[in-house]
There are 2 protein chains.
Amino acid sequence: MSESQFEAVDGDVVDTIDAFHFGRFYLVQPKGRGHRSGMDAMLLAAMVDADGPIEVADLGAGAGAAGLGVAVRLPEARVTLIEKSPDMVAYAEKTLALPENAPVAARARLIEADVTLKGRERVAAGLPDDIYDHVIMNPPFNHAGDRRAPDGLKAEAHVLLDGLFDAWIRTAGAILKPGGQMSLIARPESIADIITACGKRFGGLEFTMIHPRQGENAIRLLVSGVKGSRARPVFRAPIFMHPEGSHKFLAEVDDLNNGRAAYRRLGPRR
Amino acid sequence: MSESQFEAVDGDVVDTIDAFHFGRFYLVQPKGRGHRSGMDAMLLAAMVDADGPIEVADLGAGAGAAGLGVAVRLPEARVTLIEKSPDMVAYAEKTLALPENAPVAARARLIEADVTLKGRERVAAGLPDDIYDHVIMNPPFNHAGDRRAPDGLKAEAHVLLDGLFDAWIRTAGAILKPGGQMSLIARPESIADIITACGKRFGGLEFTMIHPRQGENAIRLLVSGVKGSRARPVFRAPIFMHPEGSHKFLAEVDDLNNGRAAYRRLGPRR
């Protein structure tokens with residue numbers, strides 16, 4: 001994950017440049033506002049487990065953390081970052097333009113598009129059917145009932161709308177090749193919306209709850225599924241992040257977080 | 001759980017008499033056919049955590065295992081066993097008539113009724129609105145796609161119908177007092193149906209996955225909720241049944257299994 005931080009002033013906005021995966025890539029992000037990427041994006045990136053020149057789409061990519069995490073760990077993967085907010089698209093552009101990111105940026109491209117577009121409009125926005133091997137997503141997750149995020153940019157990333165999972169998972173189902181894999185990270189309470197949205201689009205669903213420590217409630221949920229599969233869902237062993245009484249990461253989690261290991265499916269992988 | 005077994009011949013059918021909770025109560029069950037109660041029923045019984053003369057309904061009670069488990073552990077609880085199958089009702093009657101069960105049977109009654117009845121028909125069957133403090137249920141769980149159970153009695157207990165959770169949870173919501181607690185045990189893959197069925201009827205939902213051991217997939221799901229609550233759902237620490245490489249029960253699970261402890265809610269209890 002992020003290990004060091006530099007600041008750059010761009011007009012009135014202060015940006016930060018954060019190192020990920022021990023400096024294997026960097027992310028330009030707005031400081032103190034907007035959605036800042038961290039562990040969620042790195043765990044999501046870890047869910048892509050494949051060899052060869054696969055095509056990966058990162059829906060709602062923000063500044064590109066998860067997509068670039070995949071590209072860094074999988075040296076032949078080609079990554080498409082898809083983001084709606086022009087503001088965050090600008091950060092993704094700055095990120096791809098960093099000289100330090102040149103090796104991964106060569107395998108990444110950026111599309112400014114709304115993930116929830118349907119049919120012809122989606123295709124016209126650059127998201128045609130059946131072209132990706134993997135789709136990853138970390139959909140915005142604050143409930144309407146939550147204390148609102150204090151600034152407009154963060155609110156844009158975090159407001160959960162009714163039907164959000166259905167729209168995002170519908171697009172994932174459309175742009176994946178048959179047999180392609182969708183992976184997402186979400187809050188545990190979204191599980192019913194996710195299962196309903198997967199419907200007949202995805203099968204072989206694998207769910208993993210993430211708990212800070214043994215004995216503590218889950219704070220995140222990992223889900224993967226295979227387009228067109230009819231395999232039964234599986235509720236996997238949970239992931240615990242820290243040892244009891246500690247804020248250190250357990251070795252397995254640290255490996256996922258820093259691009260040293262994939263989180264492998266139990267069922268067939270893409 | 002069950003620790004010893006006697007057989008009795010009643011016509012052509014061989015019954016067994018199984019001791020639960022180290023002989024604190026006994027269950028008359030059909031041998032080699034029908035649904036035989038075990039750990040699921042005992043974990044379900046452990047979910048009722050209350051003092052005083054509470055009223056408890058056991059929906060789909062079978063021979064009465066879960067309901068009697070509650071009555072044995074909570075010495076003032078009054079339990080209503082509700083079962084549709086005349087065959088299983090007969091076993092519940094035999095169970096309540098056992099001299100060994102006299103102390104608990106005095107606080108138990110039996111209603112032959114279909115849990116899925118609605119409105120006036122439900123009330124006429126002996127299930128009026130707003131009278132129970134706790135409702136417990138272990139709904140039948142085999143999917144239509146499963147290999148069918150080999151005999152009619154087991155099939156009757158295990159066939160999962162579309163809308164089953166909605167119907168059972170609707171009845172639980174009707175017969176509970178406001179603020180009353182529903183508890184259920186189910187298969188993990190039913191989680192979306194359960195959440196949808198709880199809808200606005202139940203809040204403060206608490207989910208607990210049960211895994212045989214660390215690192216293994218979940219095989220059961222415990223859910224509790226409070227009628228009319230608007231509290232957020234919680235995904236609790238999982239329960240592991242056995243130590244690694246062993247079939248022994250971990251002490252905490254053994255206590256739940258044998259009526260020595262309740263599985264307490266994190267949120268307000270009834």
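Protein chains get the first letters and strands the later ones, always in sequence-line order, with residue 1 at the start of each. The figures here come from the full heavy-atom set of this structure, side chains too, leaving out hydrogens, waters and symmetry mates. Bear in mind the structure is a predicted one, so any value in this text is a computation, not a measurement.
- Under the 3.5 Å distance criterion, with hydrogens and angles disregarded, no donor-acceptor pair is assigned to the side chains of A:S183 and A:Y263.
- Ring geometry for A:F235 versus A:F207: interplanar angle under 30°, hence parallel rather than tilted (30 to 60°).
- Counting heavy-atom pairs closer than 4.5 Å to chain A, the top residue among B:L205, B:I191, B:L266 is B:I191.
- Scored by the ring pair (Phe, Tyr, Trp, His ring centres under 6.0 Å) test, B:F202 finds no partners at all (sequence neighbours excluded).
- Contact annotation for A:F240: only side-chain heavy atoms (C-beta onward) come within less than 4.5 Å of a heavy atom of chain B.
- Looking at B:D129 and B:R122, a side-chain N of the basic residue comes within less than 4.0 Å of a carboxylate O on the acidic one, giving a salt bridge.
- A:K248 has no carboxylate O lying under 4.0 Å from a charged side-chain N of A:D254, or vice versa, which leaves the two without a salt bridge.
- Residues A:R170 and A:K118 have side chains in contact (heavy-atom distance under 4.5 Å, counting atoms from C-beta outward).
- At a 4.5 Å heavy-atom cutoff, the contact between A:P238 and chain B is made by backbone and side-chain atoms alike.
- Using a 4.5 Å cut-off between non-hydrogen atoms, the part of residues 214-226 of chain B that approaches chain A consists of B:Q214, B:G215, B:E216, B:N217, B:A218.
- For B:P188, the parts sitting under 4.5 Å from any heavy atom of chain A are the backbone and the side chain alike.
- B:R213 places no side-chain N or O within 3.5 Å of a backbone atom of B:E244 that could act as its donor or acceptor partner.
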**Request:** Would you sort out whether B:R187 and B:D193 count as a salt bridge (Lys or Arg N to Asp or Glu O under 4.0 Å), showing the intermediate values?
**Result:** CA-CA 11 Å; B:R187 296 211 298 190; B:D193 289 343; over 6 Å; no

